[in-house]
Number of protein chains: 2
Amino acid sequence: MFRLSKAAEYAIRGVLYLSGKEDTVKPTGIEEIATAQGVPPAYLAKLFQTLGKKGFVRSVRGHDGGFVLTKTPSEISFLDIIEAVEGPIFLNDCLINEGYCANDSVCPVHDVWGEAQKRLLGFFSSCNFKELSESGLKKRKKLKSKS
Amino acid sequence: MFRLSKAAEYAIRGVLYLSGKEDTVKPTGIEEIATAQGVPPAYLAKLFQTLGKKGFVRSVRGHDGGFVLTKTPSEISFLDIIEAVEGPIFLNDCLINEGYCANDSVCPVHDVWGEAQKRLLGFFSSCNFKELSESGLKKRKKLKSKS
DNA sequence: TTATTCAGGACATAAAAGGTCTTTTATATC
DNA sequence: GATATAAAAGACCTTTTATGTCCTGAATAA
C-alpha cells in the first residue's frame, strides 16, 4: 500500500531521540529511547541492532550500557536510516531487475517509476537529523511560549 | 517495503494499453489487454472491475464485450489509477489519523512525511496517459529506425 | 438459445510486517 | 570474583496484505 514501515518510523524516531541528547558520549539505553518515543522496546532493540551493523550507532553492553550515535546528526539522512532497516528502496521491480519488463526499451511506465524514485530518494537524502532535531526544539519552544 | 503494488502496476499497464487504441468506441476484452501486457487475466479483470466502479472505464458485457475508457487519456493521471486500486496514498499513519503521534505539535518527523507525500502525489498526478502513450510510441519508433 | 464476456464474491496461498522471548555475551560496580 | 545490567543473536509467533484463482450468475450479441 505504498506506506513506510513501522520499522523505518521507529528507527527514525530512535535516532531523532539520540540526536537531541546533549551528552554525546554517555550511552542511552534502549528502554529509555523506546519509552520516550512510545515504541515497543524489544522491537526497537532489534532495529538498533541493525543500525549498529550498518555503522550508524555504537553499542555498549553491560551496566550503564546503551547506544551512541557514531556520526553527528547532520551527517545522517532520513534515507540512511530508512534504507538501513528496510534495505534499498525500489518503487517497482522493473527498477531492480533489468529485463523485468518484456520490452524495457519501449515501456514508458519505466521512466515514470524511475523519475518518482529519483525524486523521493533525493528528498529523503536531503533531510538530516540535525535540522530535524532543531525543528523539533523550535516547535516545542513555540508551544511553550503560547501556554 | 515501500513498493508499488502489482495491482497498481497492472492497472496502469492496462489503462496504458487502452490509451494506445485508435478505436475508442469498440470495447477491448480483458483477455486481449492481459495478454498484450503480460499480466494475469483473472487478476486484471478484478482490477478493471474496480476501475469501472471508480468511473475510469465502462464495461460492456456479452459477445464482443470488454472495456472502454470513459475519459480521454490526457484526463487520466497516474495518481488516479494508483489510488483507484490501492485507495488513497498515505506514506505514514500519522498523516491519516490526527493524534496518531502522542504529541503531533512537537513531532518534526511529521513534516517530513507530509512534504514527501505532497511531492510524490504531485508528481504522480502530473503524469497523464496521453503523454505516457505518446512517449511509448516514440520509443518504439526510435527502436524501429535503428534496426 | 447459445456462446461470450463481465460482475461479484468466496477462497487459497504466500510473503511480509510487526513483534515477543529466551539464551548468550559483555561490562561496570560492589 | 560475584552479581546485576544491558545488548547480541536467533528462534518463534501472529496478523495482515498481496496476489491470485475459481465458480456462479447476469448481460448481451449473433
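Note that these values count all heavy atoms, side chains included, but never hydrogens, waters or copies made by symmetry. Each chain gets a letter, A, B and so on, in the order its sequence line appears, and its residues count up from 1.
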Listed partners of D64(A) passing side chain to side chain donor-acceptor pair (under 3.5 Å), at least two apart: none
Those residues that, when tested against P27(B), pass side-chain contact (heavy atoms from CB on, under 4.5 Å) (two or more places apart): V60(B), V68(B)
Sequence-distant partners of E131(A), side-chain contact (heavy atoms from CB on, under 4.5 Å), two or more places apart: N128(A)
N/O (side chain, Q49(A)) to phosphate O (OP1/OP2, dA7(D)) under 4.0 Å: no
Presence of S59(B) side-chain N/O under 4.0 Å of dA7(C) phosphate oxygens OP1/OP2: yes
Below 4.0 Å: OP1/OP2 of dG20(D) and any side-chain N or O of Y10(B): yes
Salt bridge (Lys or Arg N to Asp or Glu O under 4.0 Å) contacts in which one or both residues fall within residues 18-42 of chain A, not counting sequence neighbours: K21(A)-E32(A)
Contacting residues from residues 14-28 of chain B, given that a heavy atom lies under 4.0 angstrom of DNA chain D: none
Contacts of type salt bridge (charged side-chain N to carboxylate O under 4.0 Å, His left out), residue R58(A), not counting sequence neighbours: none
Nearest-angstrom distance from the residue atom CG of D93(B) to C1' of dT17(D): 14 Å
Partner set under ring-ring contact (aromatic ring centres under 6.0 Å, His included) for F56(A), not counting sequence neighbours: none
Proximity of F129(B) and F78(B) rings by center, below 6.0 Å: yes
Name the pairs: protein N/O against N/O of nucleotides 1-5 of chain C, kept only if under 3.5 Å.
residue	atom	partner	partner atom	Å
dT4(C)	O2	H63(B)	N	3.4
dT5(C)	O4'	G62(B)	O	3.1
dT5(C)	O2	G62(B)	N	3.2

Residues touching DNA chain D, which here means a heavy atom under 4.0 Å, drawn from residues 38-48 of chain B: P40(B), A42(B), Y43(B), K46(B)
Which residues share a side chain to side chain donor-acceptor pair (under 3.5 Å) with R61(A), sequence neighbours left out: none
Residues which pass ring-ring contact (aromatic ring centres under 6.0 Å, His included) with Y17(B), listed by chain and number, not counting sequence neighbours: none
Degree of bending in the helix from dT1(C)-dA30(D) to dC30(C)-dG1(D) once both end axes are built from five pairs, to 10°: 10°
